[in-house]
Participant: 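Mind looking over this structure? Questions follow.
Below, chain A is the first sequence line, B the second, and so on; all start at residue 1.
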Amino acid sequence: MATPLKLNNTLSRKKEIFEPLEAGFVGMYVCGPTVYNPVHLGNCRTFTSFDLIYRYLMYKGYRVRYVRNITDVGHLTDSGEDKMAKEARISKLEPMEVAAKYANDFHDMMRIFNNLNPSIEPQASGHIIEQIEMVQQIIDNGYGYEVNGSVYFDVAAYEKDMEAKGDNAPHRYGALSGRKIDELLSETRELNSQAEKKSPSDFAIWMKAKPEDLQKWKSPWGVGFPGWHLECSAMSTKYLGETFDIHGGGNDLKFPHHENEIAQNVGCCHRGGARYWLHTNMLLMNGRKMSKSDGNTVTPDQLFTGDSPHLTKGYSPMAIRFFMLQTHYSSTMDLTDEALQAAEKGYLRLMEAIRTLGKLEVSGKAQNETVGKELAEGMAAAFAEMDDDFNTPKALARVFEIVTKINALAGGQLSTDEVNPATLDRLKTDLHALIFDVLGLQDEAAGGSNAHTKALDGVMDVLLDIRQQARTDKNWGLSDQIRDALSEAGIKVKDGKEGATWSV
RNA sequence: GGUCGGGUGGCCGAGCGGCUAGGCAGUGGUCUGCAAAACCUCGUACGGCGGUUCGAUUCCGCUCCCGACCUCCA
């Protein structure tokens with residue numbers, strides 16, 4: 001650990017040095033998807049961001065427990081219907097079938113983007129008992145009240161106690177999202193249960209079920225279901241404890257979801273849950289919000305196939321992942337066809353350079369090893385950028401400076417005498433670790449070791465030998481014919497100083 | 001309307017009180033039978049108007065525009 005890991009804590013709005021509760025261990029909770037429809041591309045970006053954070057924490061040597069939930073109950077639409085139930089009704093499925101269908105879809109997409117599985121992936125409907133207990137505890141602590149079988153969180157009562165603790169109490173309601181409690185209290189909102197609540201800013205932690213509701217459980221307050229927000233408080237507490245290290249999620253969840261989560265945690269356990277909050281920013285397309293209603297949207301599958309009016313072609317999952325990595329997780333990211341093309345080329349150049357590095361041999365005969373030192377410094381700088389709030393765009397910038405040097409060594413513009421073999425080995429190890437283990441990229445063009453790729457290697461050797469003979473004989477017609485025909489077949493031939501190489 | 005975050009060269013996108021981001025595209029070269037690739041070179045950008053400062057793209061104020069949340073959405 002050359003430099004300390006710093007991260008931007010959205011709770012304090014400051015960049016802070018990360019110190020886990022228990023040395024060597026990290027507990028991280030990330031709000032997962034509500035599984036009522038196919039995964040949104042924005043979801044992919046959010047979870048890819050946390051994947052990289054997860055990977056980097058592990059690279060730093062931490063043992064990480066990464067909890068990412070699946071919400072399958074309690075999340076209501078604006079008309080007050082449960083999202084799961086609505087989809088179940090429309091598609092004539094059991095709510096659990098809806099959950100399974102879209103959870104599977106979600107997992108498939110996570111795998112395609114090479115996101116690691118979390119350590120634990122709890123589902124809200126599987127933690128009803130924990131949620132009921134939490135509601136009870138909140139009531140017992142004086143922050144919840146029951147009306148007609150529903151239970152609401154009493155924001156005013158909560159805030160009064162927090163205020164009494166002093167102005168700097170970190171868990172005052174609104175502290176995370178920058179909301180002013182007075183404004184929230186005076187806001188009038190058209191919610192279904194408005195009449196039952198003492199105040200508009202109160203929110204349901206347990207909701208009475210209507211007869212037609214499909215997902216409902218018995219509770220001390222009658223048959224009902226837990227409120228959205230509660231599942232995250234209950235499950236993070238269960239698996240990570242009343243206080244844990246990192247809580248993440250999309251920017252749009254800051255309010256009310258995360259604000260309410262903190263209130264529930266404190267309201268139940270007198271502790272606020274996470275010490276560091278991380279929020280990822282939104283994905284735009286062509287400078288505007290992705291929105292189904294005006295057609296300014298694209299699905300992950302469309303992105304792969306290119307089947308969209310917004311795209312000129314399809315892009316591979318790793319090109320897209322690389323594209324995401326070129327933007328900091330906390331910045332809005334603008335998806336455009338042009339930007340994707342640029343990212344794809346950059347990704348391919350990076351992969352090519354890593355393959356070149358694998359074949360590179362150096363002598364280290366020169367005394368000073370000047371180039372070797374630059375390579376080592378560049379690599380250290382890249383990791384230092386990762387330590388600075390997971391700054392992947394800057395880390396990649398350092399990597400591309402290394403890429404140029406690798407190519408120059410291979411092309412003869414830089415002398416291989418200037419790099420020691422040990423330095424080169426170290427570079428190979430570190431670069432692999434950063435690109436594949438931490439950033440989670442994969443070399444899509446790298447051949448496997450199966451019989452077909454071996455056979456292709458053999459065929460290519462034969463063809464390139466024939467072409468080389470033709471070139472020696474100055475038979476340009478034949479050599480160009482081979483090159484053009486291979487190009488047609490999707491194989492690029494590149495003539496280098498030490499013979500030709502090829503790539504798919 | 002309220003709260004918050006942005007507006008950077010042709011495109012995307014980092015960053016910062018004075019010193020090269022990086023990728024892609026473009027310029028001119030080197031290499032090559034040609035081409036591609038690779039390498040070298042160049043480009044002097046920070047929405048507008050003021051202010052603070054020896055000096056601001058970077059700090060402050062105002063203004064315009066965009067986005068997020070407040071209301072379903074990562």
Participant: Considering every strand and a 4.0 Å limit on heavy-atom distances, what is the contact class for A:L283: base, sugar-phosphate, or nothing?
Facilitator: base
Participant: Could you tell me whether the phosphate oxygens of B:rC24, OP1 or OP2, come under 4.0 Å of any side-chain nitrogen or oxygen in A:R349?
Facilitator: yes
Participant: Identify whether any heavy atom of A:Q341 sits under 4.0 Å from a base atom; if not, whether one sits that close to sugar-phosphate; answer base, sugar-phosphate or nothing.
Facilitator: nothing
Participant: Please report the distance separating the P of B:rA38 from the corresponding atom of B:rU44, rounded so that it comes out in whole Å.
Facilitator: 25 Å
Participant: Look up atom CD1 in A:I354 and atom CD1 in A:I406, then write down how far apart they are to the nearest 0.5 Å.
Facilitator: 7.0 Å
Participant: Please test A:S177 against A:E259 for side-chain hydrogen bond (donor to acceptor under 3.5 Å, both in side chains), starting from the C-alpha separation and ending with a verdict.
Facilitator: CA-CA 7 Å; A:S177 56; A:E259 197 71 68; 2.6 Å; yes
Participant: Output the single nucleotide from B:rA74, B:rA68, B:rG33 whose closest atom is nearest the side chain of A:W476.
Facilitator: B:rG33
Participant: Taking only the P atom of each, what is the distance from B:rC42 to B:rU32 in whole angstrom?
Facilitator: 24 Å
Participant: Verify the contact: side-chain N or O of A:R398 to OP1 or OP2 of B:rG22, cut-off strictly under 4.0 Å; return yes or no.
Facilitator: no
Participant: Answer yes or no: is there an ion pair linking A:K15 with A:D389, defined by an N-O contact shorter than 4.0 Å?
Facilitator: no
Participant: Among B:rA74, B:rA38, B:rA21, which is the nearest nucleotide to the side chain of A:D252?
Facilitator: B:rA74
Participant: Is there a donor and acceptor pair, one atom on the side chain of A:N475 and one on the base of B:rG33, closer than 3.5 Å?
Facilitator: no
Participant: Quick check on RNA chain B: between A:R288 and A:C31, whose nearest nucleotide comes earlier from the 5' end?
Facilitator: A:R288
Participant: Contact class for A:K83 vs. all strands (heavy atom < 4.0 Å): base, sugar-phosphate, or nothing?
Facilitator: sugar-phosphate
Participant: Output the single nucleotide from B:rG13, B:rC40, B:rA74 whose closest atom is nearest the side chain of A:D334.
Facilitator: B:rG13
Participant: Under 4.0 Å between any heavy atoms, over every strand shown, what does A:T280 touch: base, sugar-phosphate, or nothing? Just pick one.
Facilitator: nothing
Participant: Which value, in whole Å, describes the distance between the C1' atoms of nucleotides B:rC66 and B:rG51?
Facilitator: 25 Å
Participant: Looking only at the side chain of A:F400 (C-beta and beyond, no hydrogens), which of the listed nucleotides B:rC12, B:rC69, B:rG22 gets closest?
Facilitator: B:rG22
Participant: Could you check which of B:rC39, B:rU32, B:rC12 has an atom nearest any side-chain atom of A:R471?
Facilitator: B:rU32
Participant: Under 4.0 Å, heavy atoms only, any strand: does A:A339 hit a base, just the sugar-phosphate, or nothing?
Facilitator: sugar-phosphate
Participant: When you measure from the side chain of A:N391, which nucleotide among B:rA14, B:rA21, B:rG2 comes out closest?
Facilitator: B:rA14
Participant: Counting only side-chain heavy atoms from C-beta out, which of B:rC11, B:rA38, B:rA74 sits nearest to A:Q413?
Facilitator: B:rA38
Participant: Hunt down the Watson-Crick or G-U wobble partner of B:rC34, both distances under 3.5 Å, from any strand shown, or write none.
Facilitator: none
Participant: Using only modelled atom types and a 3.5 angstrom limit, is any donor from either the side chain of A:S479 or the base of B:rG33 paired with an acceptor on the other?
Facilitator: yes
Participant: Counting side-chain heavy atoms from C-beta on, which of B:rA25, B:rG22, B:rC39 comes nearest to A:K345?
Facilitator: B:rA25
Participant: Would you kindly give the CG-to-C1' distance between A:L478 and B:rG33, to the nearest whole Å?
Facilitator: 14 Å
Participant: Are the ring centres of A:F323 and A:F113 closer than 6.0 Å?
Facilitator: no
Participant: Base, sugar-phosphate, or nothing: which does A:G42 touch, judged by heavy atoms less than 4.0 Å apart?
Facilitator: base
Participant: Please state whether the base of B:rC70 and the side chain of A:R179 form at least one donor-acceptor pair under 3.5 Å?
Facilitator: no
Participant: Watson-Crick or G-U wobble partner for B:rG67, using a 3.5 Å limit on both distances?
Facilitator: B:rC4
Participant: Angle between ring planes, A:Y56 versus A:F383, binned at 30° and 60°: parallel, tilted or perpendicular?
Facilitator: parallel
Participant: Distance only, no hydrogens: is a donor on one side chain within 3.5 Å (strictly under) of an acceptor on the other, for A:E121 and A:H107?
Facilitator: yes
Participant: Can you find a donor-acceptor N/O pair under 3.5 angstrom joining the side chain of A:R483 to the base of B:rA36?
Facilitator: no
Participant: Is the distance from OP1 or OP2 of B:rG22 to the nearest side-chain N or O of A:K394 less than 4.0 Å?
Facilitator: no
Participant: Where the side chain of A:K289 is defined as all heavy atoms beyond and including C-beta, which of B:rA68, B:rC39, B:rC12 is the nearest nucleotide?
Facilitator: B:rA68
Participant: In terms of the angle between their ring planes, are A:H247 and A:Y29 parallel, tilted or perpendicular, with boundaries placed at 30° and 60°?
Facilitator: tilted
Participant: Within this structure, what is the CG-to-C1' distance between A:N286 and B:rC12, rounded to whole angstrom?
Facilitator: 12 Å
Participant: In whole angstrom, give the distance that lies between atom CD of A:E352 and atom C1' of B:rG23.
Facilitator: 17 Å
Participant: State whether A:N251 places a side-chain N or O below 4.0 Å from either non-bridging phosphate oxygen (OP1 or OP2) of B:rA74.
Facilitator: no
Participant: Given atom CD of A:E401 and atom C1' of B:rG23, what is their separation to the nearest angstrom?
Facilitator: 12 Å
Participant: Suppose you measure atom P in B:rG9 against the same atom in B:rG47; what distance do you get, rounded to whole Å?
Facilitator: 8 Å
Participant: Rounded to whole Å, please give me the gap between OH in A:Y173 and P in B:rC69.
Facilitator: 16 Å
Participant: Check the angle between the aromatic planes of A:F203 and A:F153 and answer parallel, tilted or perpendicular using the 30° and 60° thresholds.
Facilitator: parallel
Participant: Starting at CE of A:M318 and ending at P of B:rG23, how long is that distance when rounded to a whole Å?
Facilitator: 21 Å
Participant: Of the nucleotides B:rG33, B:rA14, B:rA68, which one has an atom closest to the side chain of A:H328?
Facilitator: B:rA14
Participant: Grab the CD-C1' distance between A:E338 and B:rG13 for me, whole Å please.
Facilitator: 13 Å
Participant: Kindly assign one of parallel, tilted or perpendicular to the pair A:H229 and A:H257, based on the angle between their ring planes and the thresholds 30° and 60°.
Facilitator: tilted
Participant: Expressed in whole Å, how much space separates the P atoms belonging to B:rU20 and B:rU41?
Facilitator: 14 Å
Participant: Would you classify A:G287 as touching base, sugar-phosphate or nothing, given that sugar-phosphate means primed atoms plus P, OP1 and OP2, and contacts are heavy atoms under 4.0 Å?
Facilitator: sugar-phosphate
Participant: Using only side-chain N and O atoms of A:N43, determine if any of them is under 4.0 Å from OP1 or OP2 of B:rA74.
Facilitator: yes
Participant: Answer with base, sugar-phosphate or nothing: what part of the nucleic acid does A:E344 contact at a heavy-atom distance below 4.0 Å?
Facilitator: nothing
Participant: Below 4.0 angstrom from OP1 or OP2 of B:rA14, is there any side-chain N or O of A:S331?
Facilitator: yes
Participant: With a non-hydrogen cut-off below 4.0 angstrom, is A:M333 in contact with a base, only sugar-phosphate, or nothing?
Facilitator: sugar-phosphate
Participant: With heavy atoms under 4.0 Å as the rule, sort A:T404 into base, sugar-phosphate or nothing.
Facilitator: sugar-phosphate
